[in-house]
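Here is the structure we will look at, set down as structure tokens.
Only heavy atoms go into these numbers, but all of them, side chains included; no hydrogens, no water, no symmetry mates. For reference, positions follow the sequence shown, starting with 1.
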Amino acid sequence: METRRILMRSLAVVVIASVIWTITADAEMVYSCCTRVSTAKVTEPIIGYRMQEKSLPCVKAVIFQTKHGDFCSDWRQPWVERKVLQFFKAQRNKRHSTTTNIIH
């Protein structure tokens, strides 16, 4: 009977400790994402981009990477798609010219 009581107390302590650890671990999480987006056009040269899906507190966004930092852009803006296509075209041309230079 006494062993059972000790076991139950130990189990209770473990459960309480794990709940406290879970709560404090969540409170310490640092989110590195876009929590809001801009509709303003990015005018700096793009060196990369990535898509961010919605996962609160993060919002759905296209993140343009430039020499001066990242810009969180509204994925629904028509200029965003054009900017991504321009980036792909520039990368393709860059690879093509590098390949051509290597072959010759």
Side-chain angles (χ1 to χ4, degrees):
M1 191 68 155
E2 185 64 28
T3 306
R4 187 174 182 191
R5 202 175 299 171
I6 292 171
L7 183 60
M8 293 303 285
R9 285 183 185 165
S10 298
L11 182 60
V13 168
V14 169
V15 169
I16 291 169
S18 62
V19 168
I20 291 171
W21 179 78
T22 302
I23 291 170
T24 57
D26 286 345
E28 293 173 7
M29 288 180 88
V30 176
Y31 292 99
S32 178
C33 66
C34 299
T35 56
R36 56 194 173 133
V37 294
S38 173
T39 57
K41 290 184 179 180
V42 175
T43 57
E44 294 186 42
I46 306 280
I47 57 175
Y49 85 96
R50 65 185 186 276
M51 298 293 297
Q52 174 181 282
E53 294 299 322
K54 181 178 178 181
S55 179
L56 294 177
C58 309
V59 297
K60 187 171 183 176
V62 174
I63 304 171
F64 288 110
Q65 301 162 322
T66 71
K67 186 170 71 171
H68 294 103
D70 293 350
F71 292 89
C72 300
S73 301
D74 185 345
W75 63 276
R76 294 171 291 205
Q77 296 295 308
W79 68 266
V80 171
E81 184 178 351
R82 287 192 301 272
K83 200 67 134 166
V84 169
L85 291 173
Q86 288 173 353
F87 176 77
F88 274 129
K89 186 176 180 181
Q91 292 299 307
R92 187 176 63 231
N93 290 341
K94 188 176 176 181
R95 279 194 299 268
H96 179 66
S97 67
T98 302
T99 306
T100 305
N101 290 339
I102 293 171
I103 293 172
H104 294 301

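- A search for side-chain contact (heavy atoms from CB on, under 4.5 Å) contacts involving T39 returns D74, Q77, not counting sequence neighbours.
- In plain terms, the two heavy atoms of A40 and W79 that are nearest each other are O-CZ2, 3.0 Å.
- Listed by first and then second residue, the salt bridge (Lys or Arg N to Asp or Glu O under 4.0 Å) pairs involving residues 48-67 are R50-D70 (not counting sequence neighbours).
- Sulfur-sulfur distance for C58 and C34: not below 2.5 Å, with no disulfide indicated.
- Hydrophobic clustering keeps M51 apart from L56 (ILVMFWY residues linked when any side-chain heavy atoms are closer than 4.5 Å, directly or through intermediates).
- Looking at I46 and Q65, their side chains never come closer than 4.5 Å, going by heavy atoms from C-beta outward.
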Please tabulate, one pair per line, all N/O donor-acceptor pairs under 3.5 Å involving side-chain atoms of residues 80-90, not counting sequence neighbours.
from	atom 1	to	atom 2	distance (Å)
K83	NZ	V42	O	3.0

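- F71 and V62 fall within the same hydrophobic cluster, where Ile, Leu, Val, Met, Phe, Trp and Tyr residues are linked whenever their side-chain heavy atoms come under 4.5 Å apart, directly or through other members.
- Of all heavy-atom pairs spanning A61 and W75, the tightest one is N-CD1, 4.2 Å.
- Side-chain contacts under 4.5 Å among hydrophobic residues (ILVMFWY), followed directly or transitively, place I63 with no other residue at all.
- Under the rule for a side chain to side chain donor-acceptor pair (under 3.5 Å), the partners of T66 that lie at least two apart in sequence or sit in another chain are E44.
- Residues C72 and R36 share a closest heavy-atom pair of CB-O, 3.5 Å.
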